[in-house]
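Heads up, the thing below is written out as structure tokens.
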Amino acid sequence: MPSTLAGVCMTAEDQGAGMNEEDRQLSSVALEIVDAPDVEATEVDRFFGQVRAIAECRAQAGWPEEGDASLAVFVRSAYPRAAAGHLKDSKACADLIATTEPILGRIHVLNFDASQGRSAPLTGHAAGEVVEWLTDQPFGSDQVIILYRESLQLVERAEGVAGGTTRLEQIRLTPPDLTQAELIEALDIFHKRAVLTPSMCPKDVWRVKHAQQYHPAPRPEKAIQDCLKVFLVGWWRGLLRAECEDEIGIGRIDIRLLRPDPVRGEMCYWGIIELKIVKSFRYPGANGTPQTVTDLENAQVVAKGVEQASDFARDRRVFGVLEIYDMRKDKKTVNPITHALVVQALADHHPNPVMRLTPLFGSGDHARHAGYA
Amino acid sequence: MNGTSPAGASQPGEWNADYAQGVMKRRSRVLLLLDAAERAGVAPLATERLHAFAYLANALSPIWDIRPFYGVVVKDIGGPFYPELQREADHLVVAGLLEVSELRYDDRPHEGARIHALYGLRFSSDHLEGLLAALGARAPEKALDPKDVEIHRFLVELAGALARLPDDEIAGAGTSDMTYADRSIHENNLVYLERKAAGRTNLSVATAERFSEFFPKGSHLSAGEKLYLYAKYLGRRVHDS
């Protein structure tokens with residue numbers, strides 16, 4: 001399939017002018033990294049990302065060769081062949097993205113990349129009954145994702161069908177644009193779905209049982225960074241690659257965004273995201289007493305973020321976003337973005353990054369009081 | 001066959017501690033290969049696919065900083081084939097740890113023959129779970145040797161990368177591999193699979209590492225991503241051949 005970028009279709013002939021045939025082949029394969037499974041993610045995230053890609057690929061193509069069935073079930077199994085052994089009329093299935101084998105009305109028991117496994121018909125199971133039926137199946141704590149065609153939703157139960165819903169994702173009928181506005185929208189959705197309150201946050205953002213007191217875990221940036229990277233990979237699958245961390249002379253950048261450049265035949269930087277945390281408390285050690293973080297310290301963190309994002313963006317000639325997660329208890333009295341240190345950093349470093357102060361709350365009630373539904 | 005490999009050097013008939021250890025290592029290798037194939041959803045594996053997978057696991061293990069299980073293989077017109085692994089796979093069938101189906105003999109030149117069958121783990125075996133745990137295919141703390149956990153991770157990632165190829169391309173991936181297909185190595189000669197051995201560079205690893213050339217400064221590809229891209233590249237080579 002030719003690469004696409006911002007709606008422009010590039011042919012193989014466009015790729016890598018001046019390269020020899022072997023280079024051109026290697027370059028062409030390298031650019032397909034944007035379609036690759038996220039091999040550094042957990043198996044749960046990896047599987048979800050691939051199932052989402054299958055669902056969106058089918059939905060955007062208008063559900064080719066599908067009948068009237070309204071849902072599909074995807075089960076991640078450590079051993080798909082064994083797990084599907086009891087299913088009636090099961091058959092091998094592979095590469096559900098590239099093929100048009102119907103997926104609706106079927107249960108798919110697949111590997112961690114959702115690329116191979118077995119599938120069987122879900123005959124006689126209406127949408128309302130399928131969860132009950134799945135509960136009776138011997139899938140135990142295997143991750144289950146149910147695709148609902150009518151509502152265009154993917155509902156995940158990562159710890160097995162008997163566990164609660166762990167993720168609910170909308171199936172997009174049009175591919176996302178590769179624009180700064182789309183990135184901001186993605187960051188907003190990530191904020192509301194993945195980090196707004198402790199119940200949805202990745203572990204290691206808040207100190208266990210201390211979120212209501214606004215005590216962060218030792219390295220909340222790292223926990224959010226990993227989660228955001230997985231989210232962005234899923235958001236722009238096929239268009240963009242997200243990478244974590246970069247130790248370079250001009251500082252460490254949390255998330256780098258790369259896009260394929262079919263004309264040059266290589267991946268190139270598209271943008272960067274620097275993550276910072278402002279907070280009210282820190283812990284000196286596992287059992288230490290929480291120490292107060294001053295407004296000046298928070299401003300220093302933000303100013304450093306401005307410097308890093310700006311220098312990297314200038315060096316790579318891309319745009320930068322400075323996403324500041326606000327884990328402070330009092331978010332109203334002082335705005336760290338307007339501190340003199342930050343203002344000075346903005347004056348000294350160009351281009352200025354897009355700066356966003358994104359609130360995280362220590363409880364669902366606090367989020368609701370702040371106006372989040 | 002064994003060369004500098006860790007797979008044991010003694011021959012059948014010399015039943016001694018070294019040989020017994022070699023047998024155990026080879027049986028363990030077969031179990032781990034099939035465990036990875038089962039996890040990737042490509043099992044049961046036909047004989048030629050099992051040997052292609054075994055070969056690629058040797059050829060690409062330096063990407064994962066692991067030494068090849070077999071450092072050399074004889075180049076054969078029928079594709080990579082490891083008689084010792086085949087023998088141990090058949091022993092594991094007899095031991096009830098593997099299941100076999102569609103068994104037949106394929107004729108080979110010079111009145112020879114190769115066994116063709118589909119091999120998979122026999123999940124109903126009472127011993128399989130404990131063996132796989134000891135071999136690093138379960139929680140790391142259950143492994144007898146911590147290094148096996150990493151070897152298992154590598155095999156699963158490789159099997160996952162190969163699982164993205166159409167079924168008929170997986171077997172062809174062995175013969176289309178850059179090192180195996182090197183025209184300067186003629187049939188019945190040895191193919192060396194260490195990163196550098198016998199004055200040769202492992203072309204499979206060198207090719208996989210070349211993908212980094214198409215990424216900008218500061219970016220990096222993980223070992224798993226290199227496997228994925230190389231498998232994709234092999235798929236194209238099989239398709240174009």
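Here is how names work: the chains are called A, B, and so on, in the same order as the sequence lines, proteins then strands, and each is numbered from 1.
A:Gln25 touches chain B through backbone and side chain together, each having a heavy atom under 4.5 Å away. The contact between B:Phe123 and chain A is made entirely by side chain atoms (from C-beta outward), counting heavy-atom distances below 4.5 Å. Of the two parts of A:Gln50, only the side chain, counted from C-beta on, holds a non-hydrogen atom closer than 4.5 Å to a non-hydrogen atom of chain B. In this structure, chain B has no heavy atom under 4.5 Å from any part of A:Ala94. Both the backbone and the side chain of A:Asp23 come within less than 4.5 Å of a heavy atom of chain B. For A:Arg76, no part sits under 4.5 Å from any heavy atom of chain B, backbone or side chain. Heavy-atom distances place both the backbone and the side chain of B:Phe211 under 4.5 Å from chain A. Heavy atoms of B:Pro44 lying under 4.5 Å from chain A belong to its backbone as well as its side chain. Contact annotation for B:Leu227: neither backbone nor side-chain heavy atoms come within less than 4.5 Å of a heavy atom of chain A.
Electrostatic pairing of A:Glu21 and B:Arg236 does not count as a salt bridge here, judged by no charged N lying under 4.0 Å from a carboxylate O.
Using a distance-only test at 3.5 Å, with no hydrogens or angles considered, a donor-acceptor pair links the side chain of A:Tyr269 to the main chain of B:Lys217. Between the side chain of A:Arg81 and the backbone N or O of B:Leu121 there is at least one donor-acceptor pair closer than 3.5 Å.
Between the CD atom in A:Glu243 and the OG atom in B:Ser219 there is a gap of 3.0 Å [rounded to 0.5 Å]. Remark: A:Ile33 CD1 to B:Lys226 NZ distance equals 11.0 Å, nearest 0.5 Å. Note that CZ of B:Phe214 and CG of A:Leu31 are 9.0 Å apart. Values are rounded to the nearest 0.5 Å.
No side-chain heavy atom of A:Asp95 sits less than 4.5 Å from a side-chain heavy atom of B:Pro166. Side-chain contact between A:Arg241 and B:Leu221: present, with at least one pair of heavy atoms (C-beta onward) separated by less than 4.5 Å.
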